[in-house]
A.B. asks: 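First the structure, which I've put down as structure tokens, then a few questions once you've had a look.
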Number of protein chains: 2
Amino acid sequence: MSKCEQCIVREFSSLKALTKDELLKLSDCKTSHIIKKGEVIFEEGENVNGIYCIKDGICKLTKLSANGKDHIVKLVTKGELLGQRSMISDEPVNLSAVALEDMQVCFIPKSEVMGYFDKNNQFSMNVMRSICGDLKEADDHMVNLAQKTVKERLAEALLYLHDTFGENDDKSLKVQLSRDELASIIGTATESCIRLLSDFKKLGLIELTGKKIVLKDINALKKLAE
Amino acid sequence: MSKCEQCIVREFSSLKALTKDELLKLSDCKTSHIIKKGEVIFEEGENVNGIYCIKDGICKLTKLSANGKDHIVKLVTKGELLGQRSMISDEPVNLSAVALEDMQVCFIPKSEVMGYFDKNNQFSMNVMRSICGDLKEADDHMVNLAQKTVKERLAEALLYLHDTFGENDDKSLKVQLSRDELASIIGTATESCIRLLSDFKKLGLIELTGKKIVLKDINALKKLAE
DNA sequence: TTAAAAATATGATATTTGTCATATTAAAGG
DNA sequence: CCTTTAATATGACAAATATCATATTTTTAA
């Protein structure tokens with residue numbers, strides 16, 4: 001079993017506040033998991049009873065809407081924790097987590113984490129700050145969905161993917177989403193998303209090669225996103 | 001100066017976890033304020049340096065979008081705290097707070113509240129749970145904005161206002177919003193909102209008398225909201 | 001490798017929603 | 001109380017977006 005003390009990823013999450021003793025204990029009670037691309041980590045409504053620490057890979061957090069379509073609420077990558085909100089609220093998870101690429105995650109049972117809240121104030125504050133960050137992001141996202149056009153939202157989403165997850169050697173976006181997934185981030189029909197991507201391509205803003213998307217004119221995209 | 005120990009509203013907020021000693025100290029450092037309808041409590045981008053506890057009244061939390069329109073992110077009423085996220089993240093506030101009716105609020109300086117986080121774990125957990133609740137609400141709201149039609153969102157908003165803030169003696173919704181404000185909750189143009197309200201009226205779902213809105217057929221509205 | 005299935009793409013069209021113009025009604029202030 | 005202003009309402013039209021049909025490409029799996 002790998003040691004949490006030596007895990008680099010830990011340094012980027014709220015867990016960085018843990019003491020040596022706490023880390024040793026954590027190593028014993030955590031379980032490591034490999035999640036294949038497309039596999040579900042947990043599903044909306046489930047009782048998770050702990051949190052997942054993402055060691056590697058990217059996943060989407062989705063919610064099923066009344067019309068039967070999934071909406072992607074957030075993308076989460078290594079160094080972040082999953083299931084914090086549900087654990088703190090003592091409720092089933094509100095979102096499903098599905099791997100967008102192969103992932104390595106560690107599961108930490110609730111009993112262990114709740115102990116940190118009692119004894120380690122720095123950890124509590126880190127978690128609080130992380131959830132506060134999520135809340136700000138969610139509020140901002142909400143306003144965008146309510147007030148911006150689909151075109152603006154698409155431009156913004158492409159820039160977000162670029163800035164947050166970076167690009168491959170061939171300059172294409174590192175996170176590879178299907179058109180369907182991209183549409184469910186910006187909240188539109190798949191066809192509308194495809195059509196706008198084609199428009200962007202014709203305008204020379206992006207380049208499309210299969211699933212690969214290269215941002216050619218970032219400034220123009222920024223202007224489009226307002 | 002009124003005593004926090006005797007304030008009933010306190011019991012409904014995270015502050016219920018405070019000890020007698022903490023409450024006595026709180027009474028000394030808090031300041032009470034009357035906010036008139038339409039007045040601003042704080043504005044997006046401001047440094048608030050503390051939190052507001054709402055003793056009476058309702059306010060809207062809004063965010064200015066790129067197109068110059070305000071979007072109402074949330075309505076907040078007595079017993080709730082304002083500015084928690086900003087204080088914890090140590091950032092300017094992300095949203096503006098504007099009174100929808102005359103309000104009584106108390107301001108508690110940051111220095112005081114941060115002390116509770118250190119010494120009172122129950123208080124920390126209460127704040128965390130409250131922010132987690134906001135996050136869940138925001139995620140849900142986001143999916144609605146992305147996936148539901150304006151009509152569905154209007155029906156939902158009316159039901160939300162009814163369930164959350166109740167009705168007056170004449171059965172009309174207690175929170176009186178302008179058409180413009182209602183539109184900026186559901187994320188649509190004012191005219192579209194007015195038009196749909198007229199449609200709902202013609203269908204016998206609601207009754208309109210000036211600004212007053214009475215829900216006549218709650219079940220039908222629920223069906224419309226899906 | 002090839003057939004079948006899924007994803008992407010595009011046209012045609014319908015529907016939803018926004019915008020502008022203009023009444024009509026209600027509210028505010030002298 | 002009346003005048004002025006703002007809010008509400010509605011029509012006509014334009015723009016954005018969704019839906020359905022169908023072609024093309026890519027991926028999957030037998």
Side-chain angles (χ1 to χ4, degrees), chain A residues 36-39 65-71 100-101 144-158 172-173 176-203 206-214 224-226, chain B residues 36-38 65-71 100-101 144-158 172-173 175-203 206-214 224-226:
Chain A
K36 292 269 171 199
K37 178 177 174 172
E39 279 180 9
S65 80
N67 64 19
K69 276 196 217 166
D70 263 330
H71 182 80
L100 287 176
E101 45 185 56
N144 281 340
L145 284 168
Q147 308 280 357
K148 288 193 175 175
T149 64
V150 175
K151 193 188 289 181
E152 289 167 345
R153 269 142 52 197
L154 176 58
E156 190 174 44
L158 292 174
S172 67
L173 294 181
Q176 282 208 13
L177 299 171
S178 67
R179 302 294 189 260
D180 193 55
E181 285 169 329
L182 196 48
S184 99
I185 287 182
I186 64 183
T188 191
T190 309
E191 295 96 323
S192 299
C193 176
I194 290 173
R195 224 178 287 272
L196 284 171
L197 283 174
S198 299
D199 290 352
F200 283 8
K201 184 182 173 183
K202 275 172 206 150
L203 291 167
I206 62 173
E207 207 167 69
L208 297 172
T209 319
K211 243 189 193 61
K212 285 184 187 300
I213 301 176
V214 179
L224 255 184
E226 266 181 325
Chain B
K36 292 268 169 198
K37 178 176 175 175
S65 81
N67 64 20
K69 276 197 219 167
D70 263 331
H71 182 78
L100 288 176
E101 45 185 55
N144 282 340
L145 282 168
Q147 308 280 356
K148 289 192 174 178
T149 64
V150 176
K151 193 188 289 182
E152 289 166 346
R153 268 141 53 200
L154 176 59
E156 192 174 42
L158 292 174
S172 66
L173 295 181
V175 225
Q176 282 207 11
L177 299 171
S178 68
R179 303 293 190 261
D180 192 57
E181 286 169 330
L182 195 49
S184 100
I185 287 181
I186 65 183
T188 191
T190 309
E191 295 95 324
S192 299
C193 176
I194 290 174
R195 225 178 287 274
L196 285 171
L197 283 175
S198 298
D199 291 351
F200 283 8
K201 184 182 170 183
K202 274 172 206 150
L203 290 168
I206 61 174
E207 206 168 72
L208 299 172
T209 320
K211 243 189 193 61
K212 286 185 184 299
I213 301 176
V214 179
L224 254 184
E226 261 180 329

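Quick caveat, the model's predicted, so the values are computed rather than measured.
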A.B. asks: A/Ile194 side chain: which of D/dA9, D/dT8, C/dT8 is closest?
C.D. replies: C/dT8

A.B. asks: Would you say B/Lys211 places a side-chain N or O within less than 4.0 Å of OP1 or OP2 belonging to D/dT8?
C.D. replies: yes

A.B. asks: Within this structure, what is the CZ-to-P distance between A/Arg179 and D/dT25, rounded to whole angstrom?
C.D. replies: 15 Å

A.B. asks: Answer with base, sugar-phosphate or nothing: what part of the nucleic acid does B/Ser192 contact at a heavy-atom distance below 4.0 Å?
C.D. replies: base

A.B. asks: Return the value, rounded to whole Å, for the distance between atom CG of A/Leu197 and atom P of C/dT8.
C.D. replies: 10 Å

A.B. asks: Send over the distance from B/Asp180 CG to C/dA26 P, rounded to a whole Å.
C.D. replies: 19 Å

A.B. asks: Under a 4.0 Å N-O cut-off, is there an ion pair linking A/Glu226 with A/Lys148?
C.D. replies: no

A.B. asks: Starting from P on C/dT15, measure out to CG on A/Asn67 and report it in whole angstrom.
C.D. replies: 18 Å

A.B. asks: Are B/Thr188 and B/Leu154 side-chain neighbours, meaning at least one heavy-atom pair lies under 4.5 Å?
C.D. replies: no

A.B. asks: Closest nucleotide of DNA chain D for A/Glu191 versus for B/Leu208: which of these residues is on the 5' side?
C.D. replies: B/Leu208

A.B. asks: Just how far, in rounded Å, is P of C/dA7 from CG of A/Leu182?
C.D. replies: 15 Å

A.B. asks: In whole angstrom, give the distance that lies between atom CD1 of A/Ile213 and atom C1' of C/dT8.
C.D. replies: 12 Å

A.B. asks: Pick the nucleotide of DNA chain D nearest each of A/Val150 and A/Gly210; which residue has the one closer to the 5' end?
C.D. replies: A/Val150

A.B. asks: Separation of A/Lys148 atom NZ from D/dA16 atom P, in whole Å?
C.D. replies: 16 Å

A.B. asks: Is any side-chain heavy atom of B/Glu181 less than 4.5 Å from a side-chain heavy atom of B/Leu100?
C.D. replies: yes

A.B. asks: Under 4.0 Å from OP1 or OP2 of C/dT10: is there any side-chain N or O of A/Ser198 that close?
C.D. replies: yes

A.B. asks: Less than 4.5 Å apart, any side-chain heavy atom of B/Leu158 and any of B/Leu173?
C.D. replies: yes

A.B. asks: How many whole angstroms separate atom CZ of A/Arg195 from atom P of C/dT13?
C.D. replies: 13 Å

A.B. asks: With a 4.5 Å heavy-atom cut-off, do A/Leu182 and A/Ile194 have their side chains touching?
C.D. replies: no

A.B. asks: Select base, sugar-phosphate, or nothing to describe what B/Thr149 touches, counting heavy atoms under 4.0 Å on all strands.
C.D. replies: sugar-phosphate

A.B. asks: How would you label the contact of A/Thr188 with the nucleic acid (heavy atoms, under 4.0 Å): base, sugar-phosphate, or nothing?
C.D. replies: sugar-phosphate

